[in-house]
Each structure stands twice: as structure tokens, then as C-alpha cells.
Amino acid sequence: MFAVIKTGGKQYRVAADDLLKVEKIKGEVGEIVQFGEVLVVGGDSPTLGAPTVAGASVAAEVVEQGRGPKVIAFKKRRRKNSRRKRGHRQEFTLVRVTEILTDGAKPSKTARPKRERKPKPAAEGAGDEAAAS
């Protein structure tokens, strides 16, 4: 089963377990996000939307929030001693499609619980030497 979704002004053909690099969307790593603009749901009997398929959505897990490579915009006007250099890094979100939902169903998977960081134990040897001095 596949679906065609629209996000960030672009359209993507997705299936379950696909990794997808989309324009930045809100969500932290491990969260489940839903894409509601589903244009086509394919499979044994494809469903075309007019413009979207009612009750269909795609659930995906945020894998990474990142920034793309730097693109340099350099403008030079010859013989005028004028030049401008600007850099730009486009932000993106890497998501893994978990499931394609129809008929208004809710995602079965939930966001992973946040991992608690363990505090680093103080160096025992350093404390004993300071106390002995």
C-alpha cells in the first residue's frame, strides 16, 4: 500500500517504513506526526482524492531535525567594485513513515518515551585525595 502526500509545498509518494526528508515541521525526535493532506491512497483498489482523500492520513516518526548543506549566493557586478556573498542552509526534518491510515483511524504507535540522562558520578579518587591533603 502506498500514498501520495503533500507537505511543504511538495508531493511525496510514500509507503510504510520509508525514510523521507521533508521541509521542517514541528516535532521532536521520536514524536509521531500526522500528514493530513493525502492526495492518493494506492493498493488493490486505488482511491483518488478531489483534492484530498477524506479520512486518510499518514503517520510518521521524526528521526532527525537537521540542516542541509550550505548554498552560497554570490553576486558580482564587474567594474563597479561591488560584490555580495550570502550563505543559506535549508532546515529539514527526516521522518520514517510508520503507517498509512484510512477512514479516520488513529495511529497505533505512540511516541517513544524520552530517554532520561543519568548524571555522571563524581570521580571518587579525586575527592579522596583532596580530603587527605
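Computed from a prediction, not measured in an experiment: that's the story for all the values here. Just so you know, these numbers use all the heavy atoms, side chains as well, and skip hydrogens, waters and symmetry mates.
Within 6.0 Å of CZ on R89 lie more than 12 heavy atoms contributed by other residues, nucleotides or ligands. Within a 6.0 Å radius of NZ in K106, no more than 12 heavy atoms belonging to other residues, nucleotides or ligands are found.
Between L39 and K6, the shortest heavy-atom contact is CD1-CB, 4.3 Å. Residues F35 and A60 share a closest heavy-atom pair of CE1-CB, 3.9 Å. Residues V14 and V97 approach most closely at CB-CG2, 4.0 Å, considering heavy atoms. Contact record, T52 with E37: CG2-CA, 4.3 Å, taken as the closest heavy-atom pair. The heavy-atom pair separating A3 from V38 by the smallest distance is CB-CG1, 4.2 Å. Scanning all heavy atoms of the two residues, the minimum distance from G8 to E23 falls at O-CG, 3.9 Å.
The salt bridge (charged side-chain N to carboxylate O under 4.0 Å, His left out) test applied to K26 returns no partner, not counting sequence neighbours.
Judged by distance alone, with hydrogens and angles left aside, the side-chain atoms of E99 form a donor-acceptor pair with the main-chain N or O of S108 at under 3.5 Å. Not a single donor-acceptor pair under 3.5 Å links the side chain of E91 to the backbone N or O of I25. Using a distance-only test at 3.5 Å, with no hydrogens or angles considered, a donor-acceptor pair links the side chain of Q65 to the main chain of G27.
Residues V41 and M1 meet the side-chain proximity criterion, which asks for heavy atoms closer than 4.5 Å. The shortest side-chain heavy-atom distance between T47 and T102 does not fall under the 4.5 Å cut-off.
Following chains of ILVMFWY side-chain contacts shorter than 4.5 Å, one can reach I100 starting from V62, so the two form part of one hydrophobic cluster. I5 is connected to V22 through a chain of hydrophobic side-chain contacts under 4.5 Å among Ile, Leu, Val, Met, Phe, Trp and Tyr, so both are in one cluster. Transitive grouping of hydrophobic side chains (ILVMFWY, heavy atoms separated by less than 4.5 Å) keeps V63 and V33 in distinct clusters. Connection of F92 to L19 is established within a shared hydrophobic cluster, with ILVMFWY side chains joined at heavy-atom distances below 4.5 Å, either directly or through further cluster members.
With side-chain heavy atoms closer than 4.5 Å counting as contact, directly or through intermediates, the hydrophobic cluster containing F74 also holds I72.
Note that CD of E28 is 12.0 Å distant from OG1 of T93, once rounded to the nearest 0.5 Å. I32 contributes atom CD1, which lies 11.0 Å from atom CZ of R96 (distance to the nearest 0.5 angstrom).
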Please tabulate, for the side chains in residues 77-88, all donor-acceptor contacts under 3.5 angstrom to protein atoms that are two or more places apart in sequence or on a different chain.
unit_1 : atom_1 : unit_2 : atom_2 : d
R77    : NH1    : S82    : OG     : 2.9
H88    : NE2    : Q90    : OE1    : 2.9

